[in-house]
Amino acid sequence: QTLEKQSVKLKDVSTKYERDKRFWIASINELKRKIETMKEEHSQLSKKAHECADSIPELNKMILAVQALVAQCEDLKLKFSKEQAMRKKLHNQIEEAKGNIRVFCRCRPLSKVEASNGHATVVDFSAAKDGDIGILTGSSTKKTFKFDRVYTPKDDQVDVFADASPMVTSVLDGYNVCIFAYGQTGTGKTFTMEGTDKNRGVNYRTLEQLFKIVEERKETSTYSIFVSVLEVYNEQIRDLLATAPTTKRLEIRQASEGFHHVPGLVEAKVENTKEVWDVLQVGNNARAVGSNNVNEHSSRSHCMLCIMVRANNLITGECTKSKLWLVDLAGSERLARTEVQGERLKEAQNINRSLSALGDVISALATKSSHIPYRNSKLTHLLQDSLGGDSKTLMFVQISPSEQDSGETLSSLNFASRVRGVELGPAKKQ
Ligand code: ADP
Ligand code: MG
């Protein structure tokens, strides 16, 4: 019986063993498979690890190359700013050597009417190339004047602008500039500054050149250009770009950063020469509004174009702001006392006062006087930022060749000599 019990027990144990054996074999096989997969993964990973290890020197080389490029870039940036500063300095040194105040004299051709009336020419251009101009004051007497340039009636708009253009370039380097035309009515002030559609003048050419340089420098600098057009008539400022008439008086204020401005004045942002031409036309048309005779009105008011440039140097991060004034002055002719009364007398006095103020400011600057009387007229007050300091001034003195005008011609040339001569000493002894 005991034997039988034991036999049964053995059978149970055997059955359990058989069952467990299958389980263990299955488990072992499963584990073996897992080990195989892990071995496979391990070999792949170690292959990758080897590849990575191979790439490390390559990667290090790349990092070094990038560092070298960064250093080179910094170096170039430094060189660039140095070169830019040098270019600016040289350009402006050359400009300074020519003087911060320059006077160019331009004589218009004898008109058809003058020629048919047999008017003689009293201007001697024989030494015009040297900046000398002579005015015949009698059959054998001549008064000579010296200027930075003398343009004969044969010189065209391109010749004239060629000499003014370096000043225009200075504006993009942060300098303030003022260019104006002075002279008797009918001598070509408007022709020089504004020009005609076919013979565009300094105003248009200036903006055209500004846009050209802006395009050339676009990799290194960005610029915004704004234009205002205004008129000063009887010591009052009129905004020629204003779309709606305003009764509010326009006054000159000094901004915190020192710049003078006229609050409320329209500043038109211009992006290309087409927009410039359009803005100039709007200004021109506005001048005619409210006056019976446009030519007469424009000869009694100062027409002023202000170009503001904001420059942002992308490499050095430097920002500059500069201002360029282009001014077509009121006619400088003196009217006989008996001729003028009432409104005309007031106009004449205002013109006289503002032109004298302009002469006084420039000669005070030229003699480096400690007090510069900018506040004596709206004209000089408006121009203040662009007259004096390291700003550059260019005056076109416009004259007529006709003997009929020789009195006014001499008076204009004397005014211009005062402006230029004081600074350059010996020149005024002529
Ligand atoms: P202002 O503005 O000084 O009164 P304008 O510019 O109106 O004078 O010129 C008077 C006239 O003489 C205009 O018909 C103008 O076209 C002409 N004129 C002036 N300068 C020249 C010049 N350099 N060449 C040709 N025509 C000129
Ligand atoms: Mg004019």
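Atoms within each ligand, like the ligands themselves, are counted from 1 in listed order.
- A salt bridge between Glu51 and Lys48 is absent, with no side-chain N of the basic residue lying under 4.0 Å from a carboxylate O of the acidic one.
- Using cut-offs of 30° and 60° for the angle between ring planes, the Phe415 and Tyr182 rings count as parallel.
- Nearest-residue assignment for atom 8 (O) of ligand 1 (options Cys303, Gly188, Pro109, Gly201; heavy-atom criterion): Gly188.
- Protein heavy atom closest to atom 2 (O) of ligand 1, with residue, atom name and distance, is Thr190 OG1, 2.7 Å.
- Per-residue contacts place Arg106 under 4.0 angstrom from the following atoms of ligand 1 (heavy atoms of the residue considered): 23 (N).
- With ligand atoms numbered from 1 in the order given, ligand 1 contributes 4 (O) to contacts under 4.0 Å with heavy atoms of Thr185.
- The ring of Phe180 has its center no closer than 6.0 angstrom to the ring center of Trp325.
- Among Ser332, Gly195, Gly186, the residue whose heavy atom lies closest to atom 1 (P) of ligand 1 is Gly186.
- In terms of N/O distances under 3.5 Å, ligand 1 is not approached by Arg108.
- For atom 13 (C) of ligand 1, no protein non-hydrogen atom is found at a distance below 4.0 Å.
- Neither the backbone nor the side chain of Ala181 has any atom closer than 4.0 Å to an atom of ligand 1 (non-hydrogen atoms only).
- Cation-pi contact between Lys323 and Phe259: absent, since separation from the ring centre below 6.0 Å together with deviation from the ring axis within 45° is not met.
- Every atom of ligand 1 is numbered from 1 in the order shown, and the set under 4.0 Å from a heavy atom of Gln184 is 3 (O).
- For atom 22 (C) of ligand 1, the nearest non-hydrogen atom from the set Tyr151, Phe191, Tyr182 belongs to Phe191.
- Not a single heavy atom of Ser299 sits closer than 4.0 Å to an atom of ligand 1.
- Residue Val270 forms a side chain to side chain contact (heavy atoms under 4.5 Å, CB included) with just one option from Ile307, Leu280, Val279, and that option is Val279.
- For the side chain to side chain contact (heavy atoms under 4.5 Å, CB included) criterion with Leu394, the lone passing option out of Val103, Val202, Ile179 is Ile179.
- Backbone or side-chain N, O or S atoms of Thr185 do not reach the Mg ion (ligand 2) at under 2.8 Å.
- Per-atom contact check: atom 17 (C) of ligand 1 does not touch the protein, criterion being a heavy-atom distance below 4.0 Å.
- In summary, Asp328 and Lys189 do not engage in a salt bridge, as defined by a charged side-chain N under 4.0 Å from a carboxylate O.
- Near Lys189, the atoms of ligand 1 lying under 4.0 angstrom from a non-hydrogen atom of the residue are 1 (P), 2 (O), 3 (O), 4 (O), 6 (O), 8 (O).
- Looking at every heavy atom in both residues, Phe226 comes nearest to Arg310 through CE1-NH1, 3.1 Å.
- Arg149 and Asp130 are not joined by a salt bridge, as no carboxylate oxygen comes within less than 4.0 angstrom of a charged side-chain nitrogen.
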